Trainee: 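So that we are looking at the same thing, I have put the structure below in structure tokens.
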Amino acid sequence: MPLAHANFCSLFRPFTRAILHYSSSPSQESLQESILAAIESKTYHKIPDLLNNSSSRNPNPFSSLSTLSPSHISLVIDEILQSFISIRPRSRPNSAYSHLLSYILDTPNPLPLALAVIQRTLRSGCLPVPQTHLLLSNAWALRLQTSQDTVQTVLSEMKSIGYSPDCGTCNYLILSLCKVDRLGEARGVLRGMGKVGCVPDRDSFGILISRMSELRMIREVVEMVKEMVDVHLLSPRKETVVKAVDAMRANREITRAVEMIEFLESKGVDVGFDVYELALEGCLEVRRFVLAGKFAIKMTDKGFIPYIRVRRRVFEGLVSAGETGLASAVRQRFAELKS
């Protein structure tokens with residue numbers, strides 16, 4: 001056995017008996033022994049099947065790593081992650097990724113190593129378990145609060161362990177922060193990721209806009225949409241626009257919805273029928289019949305015709321408001337489009 005490998009293995013031996021002593025069942029003991037043996041022998045490719053074939057999950061199978069220094073932990077976990085890349089199907093190591101991430105997020109300094117595991121998990125086509133959102137958000141917020149580090153500093157630390165931040169990893173971080181309503185920190189990641197060479201994509205903005213819409217943060221939604229389209233030249237997904245307009249409708253801020261739709265259309269963004277229909281119904285709900293009539297004509301210009309119930313309400317609303325001329329023009333436009 002090479003000397004370096006012998007020294008590497010010896011790092012684990014003082015802890016081997018202790019960890020097995022605290023195992024509560026033979027199956028747990030067997031899994032702990034097997035994982036430890038795979039790490040000592042660097043036969044990391046065996047780990048996914050060991051975990052997949054065992055029902056034992058407590059204590060964490062990777063808890064033996066706690067005997068190592070932080071630098072050694074990073075080295076071992078990197079070697080484990082790299083060994084999983086060639087495994088097929090790519091989802092086979094999912095349980096191993098999950099346990100590694102759980103172990104890392106329970107350590108005092110989980111970043112940037114946790115981000116590396118998340119990146120490999122996502123690239124394997126898997127998703128971390130749902131509770132990761134809370135643990136990662138807490139770790140991220142604590143790191144920024146207790147140090148002088150900036151968003152780009154923390155993200156750049158991934159490079160020190162052989163990884164580079166990418167959109168998938170940053171978007172998962174943004175999603176996690178949004179899940180626990182840390183929207184300020186989420187915006188910070190969005191603004192900082194570009195400074196480390198990771199250009200935000202439509203999902204980076206979409207995640208944040210969707211959560212802001214759910215919380216009816218209308219002013220912030222409009223700002224984010226304009227920044228996305230004007231500054232980054234990105235087009236929001238239709239479902240993102242639907243959520244934004246639906247929030248404005250629920251907040252009875254229908255003028256903002258119409259203005260946002262007109263802004264998007266002016267920038268060449270195709271918002272789709274559902275968005276127009278939501279805004280038109282919103283106009284009717286707040287009895288903005290003139291706005292509804294003008295907006296309905298814009299719909300027909302796009303080749304959209306409102307549902308018959310909505311068409312009737314627009315016409316009747318205009319008549320009741322004394323706007324007979326506009327009512328006739330709207331009815332004529334509907335008739336032309338139907339023919």
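None of these values were measured; they are calculated from a predicted model.
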Trainee: Let me see the working for V245 and M260 under side chain to side chain contact (heavy atoms under 4.5 Å, CB included), right down to the final yes or no.
Mentor: CA-CA 8 Å; V245 172; M260 189 183 74; 3.7 Å; yes
Trainee: Indicate yes or no for a side-chain donor-acceptor contact from T43 to the backbone of I39 under 3.5 Å, with no hydrogens or angles considered.
Mentor: no
Trainee: What distance separates K267 NZ from K226 NZ, expressed to the nearest 0.5 Å?
Mentor: 10.0 Å
Trainee: Working note: Y44 + E79, criterion side chain to side chain donor-acceptor pair (under 3.5 Å); need CA distance, chi angles, decisive distance, verdict.
Mentor: CA-CA 8 Å; Y44 305 122; E79 290 179 348; 2.6 Å; yes
Trainee: Kindly determine whether Y163 and R120 satisfy side chain to side chain contact (heavy atoms under 4.5 Å, CB included), including the steps that lead there.
Mentor: CA-CA 10 Å; Y163 295 81; R120 288 305 324 155; 4.2 Å; yes
Trainee: Spell out, yes or no, whether F334 and V319 are grouped together once hydrophobic residues are joined by side-chain heavy atoms under 4.5 Å, including indirect joins.
Mentor: no
Trainee: For C283 and V258, which heavy atoms make the closest approach, and how far apart are they?
Mentor: SG-CG2, 4.1 Å
Trainee: When you compare the side chain of T324 with that of L318, does any pair of heavy atoms fall below 4.5 Å?
Mentor: no
Trainee: Decide yes or no for S176 and W140: does some side-chain heavy atom of the first lie under 4.5 Å from some side-chain heavy atom of the second?
Mentor: no
Trainee: If two hydrophobic side chains count as joined below 4.5 Å and joins carry through other members, does L173 share a cluster with L134?
Mentor: no
Trainee: If we check side-chain contact (heavy atoms from CB on, under 4.5 Å) with V117, which of these qualifies: T132, T169, L101?
Mentor: L101
Trainee: Is any side-chain heavy atom of M224 less than 4.5 Å from a side-chain heavy atom of L190?
Mentor: yes
Trainee: Which heavy atom of A114 sits nearest to which heavy atom of L105, and what is that distance?
Mentor: CB-CD2, 3.8 Å
Trainee: Measure the acute angle between the ring planes of Y97 and F84, then classify it against the limits of 30° and 60° as parallel, tilted or perpendicular.
Mentor: perpendicular
Trainee: Which is it for E223 and R219 under the salt bridge (charged side-chain N to carboxylate O under 4.0 Å, His left out) test, yes or no, and what are the steps along the way?
Mentor: CA-CA 6 Å; E223 290 175 358; R219 181 177 59 81; 2.9 Å; yes
Trainee: One pair to check against side chain to side chain contact (heavy atoms under 4.5 Å, CB included): M299 and L280. What are the steps and the verdict?
Mentor: CA-CA 9 Å; M299 282 187 73; L280 183 56; 3.7 Å; yes
Trainee: Has the side chain of S102 got a donor or acceptor atom that lies under 3.5 Å from a matching backbone atom of H99?
Mentor: no
Trainee: Minimum heavy-atom separation for C178 to L183, with atom names?
Mentor: SG-CD2, 3.8 Å
Trainee: Hey, does F62 have a side-chain heavy atom less than 4.5 Å from the side chain of I47?
Mentor: yes
Trainee: CZ of R309 to CD of E281: how many Å apart, nearest 0.5 Å?
Mentor: 5.0 Å
Trainee: Sub-3.5 Å donor-acceptor pair from the side chain of S210 to the main-chain atoms of I207, do we have one?
Mentor: no
Trainee: Kindly give the heavy-atom pair with the smallest separation between F315 and A327, and that separation in Å.
Mentor: CD1-O, 3.5 Å
Trainee: So, the side chain of T240 versus the backbone of P236: is there a donor-acceptor pair under 3.5 Å, distance only?
Mentor: no
Trainee: For the residue pair I73 and Y103, establish whether any side-chain heavy-atom pair is separated by less than 4.5 Å.
Mentor: yes
Trainee: Could you state the interatomic distance from CG (D203) to SG (C170), rounded to the nearest 0.5 Å?
Mentor: 13.0 Å
Trainee: If you measure only the distance, is there a donor-acceptor pair under 3.5 Å linking the side chains of T153 and T150?
Mentor: yes
Trainee: Indicate whether the side chain of D201 and that of S204 have a donor and an acceptor atom separated by less than 3.5 Å.
Mentor: yes
Trainee: Of all the heavy-atom pairs spanning I80 and S83, show the shortest one and how long it is.
Mentor: O-OG, 2.7 Å
Trainee: Indicate whether any N or O donor in one side chain lies under 3.5 Å from an N or O acceptor in the other, for E265 and Y276.
Mentor: yes
Trainee: Testing the basics here: between C167 and M193, what is the closest heavy-atom pair and its distance to 0.1 Å?
Mentor: SG-CE, 3.9 Å
Trainee: Would I218 end up clustered with V286 when hydrophobic side chains under 4.5 Å apart are linked, directly or stepwise?
Mentor: yes
Trainee: Is there a path from V180 to I209 through hydrophobic residues (I, L, V, M, F, W, Y) whose side chains come within less than 4.5 Å of each other?
Mentor: no
Trainee: With a 3.5 Å cut-off and no angle check, do the side chains of S137 and R182 form a donor-acceptor pair?
Mentor: no
Trainee: Given 3.5 Å as the limit, does a donor-acceptor pair link the side chain of N52 with the main chain of P48, or not?
Mentor: yes
Trainee: Donor-acceptor pair, distance only, cut-off 3.5 Å: does the side chain of N53 make one with the backbone of D49?
Mentor: yes
Trainee: Say you draw a straight line from CG of L175 to CG of L208; how long is it, rounded to the nearest 0.5 Å?
Mentor: 10.5 Å
Trainee: For L142, does its backbone N or O pair with a side-chain atom of T146 as donor and acceptor, under 3.5 Å?
Mentor: yes
Trainee: With heavy-atom distances below 4.5 Å as the criterion, would you say the side chains of H133 and P128 are in contact?
Mentor: no
Trainee: Can you check whether L234's main-chain N or O pairs, donor with acceptor, with R202's side chain at less than 3.5 Å?
Mentor: no
Trainee: As a quick check of understanding, evaluate side chain to side chain donor-acceptor pair (under 3.5 Å) for N60 and S63, giving each step before the final call.
Mentor: CA-CA 5 Å; N60 191 297; S63 54; 5.8 Å; no
Trainee: Taking the basic N atoms (NZ, or NE/NH1/NH2) and the acidic carboxylate oxygens, is any pair closer than 4.0 Å for E227 and R191?
Mentor: yes
Trainee: Report yes if some heavy atom in the side chain of R211 is under 4.5 Å from a heavy atom in the side chain of M217; otherwise report no.
Mentor: no
Trainee: Does any part of the side chain of L51, heavy atoms only, come nearer than 4.5 Å to the side chain of I35, both counted from C-beta?
Mentor: yes
Trainee: Rounded to the nearest 0.5 Å, how far does OG of S124 lie from CZ of R90?
Mentor: 6.5 Å
Trainee: Would H72 and S69 count as a side chain to side chain donor-acceptor pair (under 3.5 Å) if you check the C-alpha gap in whole Å, the side-chain angles of each, and the deciding distance to 0.1 Å?
Mentor: CA-CA 5 Å; H72 275 101; S69 66; 2.9 Å; yes
Trainee: Out of curiosity, L65 CG to I104 CD1, how far, rounded to the nearest 0.5 Å?
Mentor: 8.5 Å
Trainee: Would you mind listing the cluster partners of I85? Hydrophobic ones only (ILVMFWY), side-chain contacts under 4.5 Å, chaining allowed.
Mentor: none
Trainee: Is it the case that over 12 heavy atoms from other parts of the model lie below 6.0 angstrom from the CZ atom of R331?
Mentor: no
Trainee: State whether a side-chain donor-acceptor pair under 3.5 Å links E277 with Y307.
Mentor: no
Trainee: Could you check N251 against R256 for side chain to side chain contact (heavy atoms under 4.5 Å, CB included), going step by step and ending with a plain yes or no?
Mentor: CA-CA 10 Å; N251 237 33; R256 281 185 181 268; over 6 Å; no
Trainee: If hydrophobic clusters are built from ILVMFWY residues whose side chains come within less than 4.5 Å, do V310 and F273 share one?
Mentor: yes
Trainee: Using a 3.5 Å distance criterion without hydrogens, assess whether the side chain of R92 forms a donor-acceptor pair with backbone atoms of R88.
Mentor: yes
Trainee: With a 4.0 Å cut-off, would you call E157 and R143 a salt bridge?
Mentor: yes
